[in-house]
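Here is the structure we will look at.
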Protein chains: 2
Amino acid sequence: MAMVDSRTPTKRVTAADVARSLGLSRATVGFVLNNTPGQTISAQTRERVLAEATRLGYRPHTAARALASGRSRIVLVVLPDWPLDFSVRRNLEEASLALDEAGYSLITYTPHPTGQSRPLWEVLEPDVVLSFTGSFTDAQVASIRAAGVRAVLPAPDAPTVAPYPEEGPLLQVGHLHALGHRRIAYAGSADPRIADLVELRRSRAGEAAARLGLHLAPGHDLRPGADAADAVAGWRAAGVTAVAAYNDDIAATLVGTATRMGLLVPRDLSVVGHDDAPIASIVEPRLSTVRLDTAGLGRYLARLALTAAEGREPPQRPTATAPLLVQRASTAAPGA
Amino acid sequence: MAMVDSRTPTKRVTAADVARSLGLSRATVGFVLNNTPGQTISAQTRERVLAEATRLGYRPHTAARALASGRSRIVLVVLPDWPLDFSVRRNLEEASLALDEAGYSLITYTPHPTGQSRPLWEVLEPDVVLSFTGSFTDAQVASIRAAGVRAVLPAPDAPTVAPYPEEGPLLQVGHLHALGHRRIAYAGSADPRIADLVELRRSRAGEAAARLGLHLAPGHDLRPGADAADAVAGWRAAGVTAVAAYNDDIAATLVGTATRMGLLVPRDLSVVGHDDAPIASIVEPRLSTVRLDTAGLGRYLARLALTAAEGREPPQRPTATAPLLVQRASTAAPGA
DNA sequence: GTTGGCAACTAGCGCGCGCAAGTAACGGTT
DNA sequence: AACCGTTACTTGCGCGCGCTAGTTGCCAAC
């Protein structure tokens with residue numbers, strides 16, 4: 001039982017310590033700890049090494065390993081400037097877990113708009129730099145390449161790999177239609193930084209409506225937490241009975257506004273969210289929403305990074321399962 | 001003009017390359033590039049080295065430097081689970097810039113709720129690990145220390161340096177008391193990962209109550225999104241008219257539960273949150289909450305990290321970080 | 001003329017690890 | 001008996017850098 005004094009930090013345990021303590025050579029210890037292929041180590045020795053390593057509390061020195069092997073086992077994910085949706089963050093967590101299993105670490109990085117500080121890819125020397133939004137500027141690619149990073153994703157010459165098929169709006173509209181709603185509107189987010197994604201989801205919702213023989217009532221772009229009384233009043237006047245929202249924040253904002261106006265959700269207005277964020281089950285009434293397979297998407301992202309790190313072929317289309325509509329209390333038949 | 005072929009990455013330029021190209025020794029180059037104190041280098045040589053380094057595109061190898069010096073020049077900021085609003089992120093950017101000027105890099109890290117993957121402080125071996133929320137669990141501190149990190153902020157033995165003095169609960173209880181509430185309870189989070197922080201805030205609330213001549217009614221630890229009908233019913237039976245919540249998620253969960261039970265917030269129950277998270281202004285009624293003033297916190301954090309990294313005395317605490325009670329619609333006088 | 005001091009460097013070790021090359025022992029083959 | 005292949009290791013170099021302990025030349029002081 002090794003008692004660690006927190007005041008005078010004990011000198012770090014190296015592979016040489018483990019070797020010395022067992023009367024073995026450092027190389028043998030290294031072979032065991034790395035499972036180096038092409039090396040034959042007796043099962044007994046392997047056991048002893050592993051046991052002694054844990055007993056002494058050995059932790060490989062990342063910098064030394066990176067220096068010797070030339071690979072940092074770091075995947076740097078470059079995030080956009082705008083605040084990330086809940087689903088995106090879950091996605092990243094999942095990717096991080098998957099990478100972790102393979103011995104890689106995922107680090108996120110939001111470049112400064114000013115560009116004043118040294119980009120993280122110069123400091124960390126990651127094996128892979130991956131843009132979450134699926135694009136880098138030419139200057140960024142040049143900078144990353146100059147920093148010695150082998151794998152940049154997406155590769156400038158390769159087509160963009162869209163992690164999200166954006167089928168959520170289809171489920172939203174389908175759900176509302178199935179409940180009997182015929183006048184449906186789409187509520188986007190007014191945040192200009194995600195205008196593209198909002199537009200994409202809105203058009204997907206429009207397509208879904210068209211396929212059902214409807215067309216969407218005029219929509220509004222809202223700001224989370226801001227009062228949306230005008231939008232709600234407008235929809236009511238236009239006979240809209242249900243709204244599909246860009247995400248759960250927007251949906252909850254709508255529900256709050258409607259309640260404040262004396263309306264009853266879902267009787268007077270059905271609202272369906274997107275992402276199944278925590279807020280969806282916190283607010284009253286709890287939000288019907290779309291749950292994405294963030295785990296599947298995250299794993300896909302991880303495999304993308306892994307194959308790039310090891311110079312293998314990128315995986316096929318994401319294996320993520322289709323999104324799922326979670327029905328809760330914010331949607332019902334019109335007037336019910 | 002060195003043309004870099006993006007396909008076959010050029011071998012990296014080392015300090016030895018710079019030295020060889022000038023007919024100098026590696027040590028001299030190192031002294032110039034590091035501005036090593038106690039070394040006398042002629043101005044001319046210094047110029048030549050710097051010029052040649054930029055000409056060849058020399059970039060110090062972070063891992064090698066970390067290995068040799070024993071310091072990674074990395075500051076790891078541990079972020080909370082909830083999404084950060086824009087002002088907070090701006091503060092982090094500010095901190096990052098300030099650290100960058102001092103040759104340090106700021107890396108943010110959000111630990112996974114599951115805790116399944118290897119924490120980043122084991123991988124990066126940062127010089128400083130800094131909790132943005134001002135608290136670590138004992139397990140976290142132990143893990144960080146075990147990873148060989150010298151400076152952990154806030155230090156467990158020096159709570160006075162914490163960026164957040166945890167005065168929020170004081171404001172919460174004071175606010176409820178001022179509204180006329182005399183039977184007040186505290187609602188914690190049942191999440192075991194933040195048990196310490198929950199306990200700290202709860203005891204702060206208890207102290208505040210005692211100072212006002214009250215003592216807190218028995219509390220409950222809740223789970224965000226889970227129905228808290230039992231807790232609410234118990235409080236009602238005990239004559240509790242107001243609840244201070246650990247954070248806005250818990251507060252919103254309480255408001256939702258109460259509404260579902262047919263109670264009216266704040267008439268039948270006042271609820272005050274903590275953090276002024278986005279959800280606080282999304283739900284209906286909007287939550288009275290405590291806003292932690294993050295203005296200037298970024299630069300303060302940077303200075304805090306820097307002094308810790310270099311073993312100097314920590315700076316004084318800026319007065320700007322005093323928390324603020326934001327009154328919205330979830331609190332009122334009892335029965336009002 | 002010796003000494004001492006200082007400016008301006010250089011030689012080289014060590015950080016911890018990965019891995020190529022070498023070695024010793026042993027059993028089986030020709 | 002010589003040779004080979006396999007197992008189970010060991011020796012030792014190199015990754016790039018920080019930094020201590022020199023070394024050299026030159027000039028001032030006694």
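Positionally, the nearest nucleotide of DNA chain D for A/Ile41 lies more toward the 5' end than for the other of A/Ile41 and B/Thr36. Of the two residues contacting DNA chain C, namely B/Ser25 and A/His61, the nearest-nucleotide position lying further toward the 5' end is that of B/Ser25.
Here C/dC15 presents its P atom at 9 Å from CG of B/Leu67, a figure rounded to the nearest Å. B/Arg26 has its CZ atom 16 Å from the C1' atom of D/dG22, to the nearest Å. Rounded to whole Å, atom C1' of D/dC17 lies 7 Å from atom OH of B/Tyr58. Atom CZ of A/Arg12 and atom C1' of C/dG16 are 8 Å apart (whole Å). Rounded to whole Å, atom P of C/dC19 lies 13 Å from atom CG of A/Leu33. Between A/Leu22 atom CG and D/dA8 atom P there is a gap of 17 Å when expressed in whole angstrom units. Look at CZ on A/Phe31: it is 8 Å from P on C/dA20, rounded to the nearest Å. Between the CZ atom of B/Arg20 and the P atom of D/dG16 there is a distance of 10 Å, rounded to whole Å.
With B/Val78 as the fixed residue, the side chain to side chain contact (heavy atoms under 4.5 Å, CB included) test singles out one of B/Thr108, B/Val129, B/Leu120: B/Val129.
Residue side chain B/Arg59 does not reach the base of D/dG16 through any donor-acceptor N/O pair under 3.5 Å, judged by distance alone. Between the side chain of B/Gln39 and the base of D/dC19, no donor-acceptor pair under 3.5 Å is found.
Distance from the side chain of B/Ala68 is smallest for D/dC17 among the nucleotides D/dC17, C/dG18, D/dT10.
A/Thr45 has a side-chain polar atom (N or O) that falls below the 4.0 Å cut-off from OP1 or OP2 of D/dC9. The shortest distance between the side-chain N/O atoms of B/Arg65 and the OP1/OP2 oxygens of D/dG18 is below 4.0 Å. Close to C/dC9, at under 4.0 Å from its OP1 or OP2, lies a side-chain N or O of B/Ser42.
If you check every strand for non-hydrogen atoms under 4.0 Å, B/Thr28 touches a base. Contacts of B/Ala27 with the nucleic acid, taken as non-hydrogen atoms under 4.0 Å apart, include base atoms.
Contact check for A/Leu24 versus A/Thr45: side-chain heavy atoms found under the 4.5 Å cut-off. Taking 4.5 Å as the limit, some side-chain heavy atom of B/Val77 sits within range of a side-chain heavy atom of B/Leu106.
Contact record, B/Asp127 with B/Arg73: OD2-N, 2.7 Å, taken as the closest heavy-atom pair.
Using a distance-only test at 3.5 Å, with no hydrogens or angles considered, no donor-acceptor pair links the side chain of A/Thr307 to the main chain of A/Arg312.
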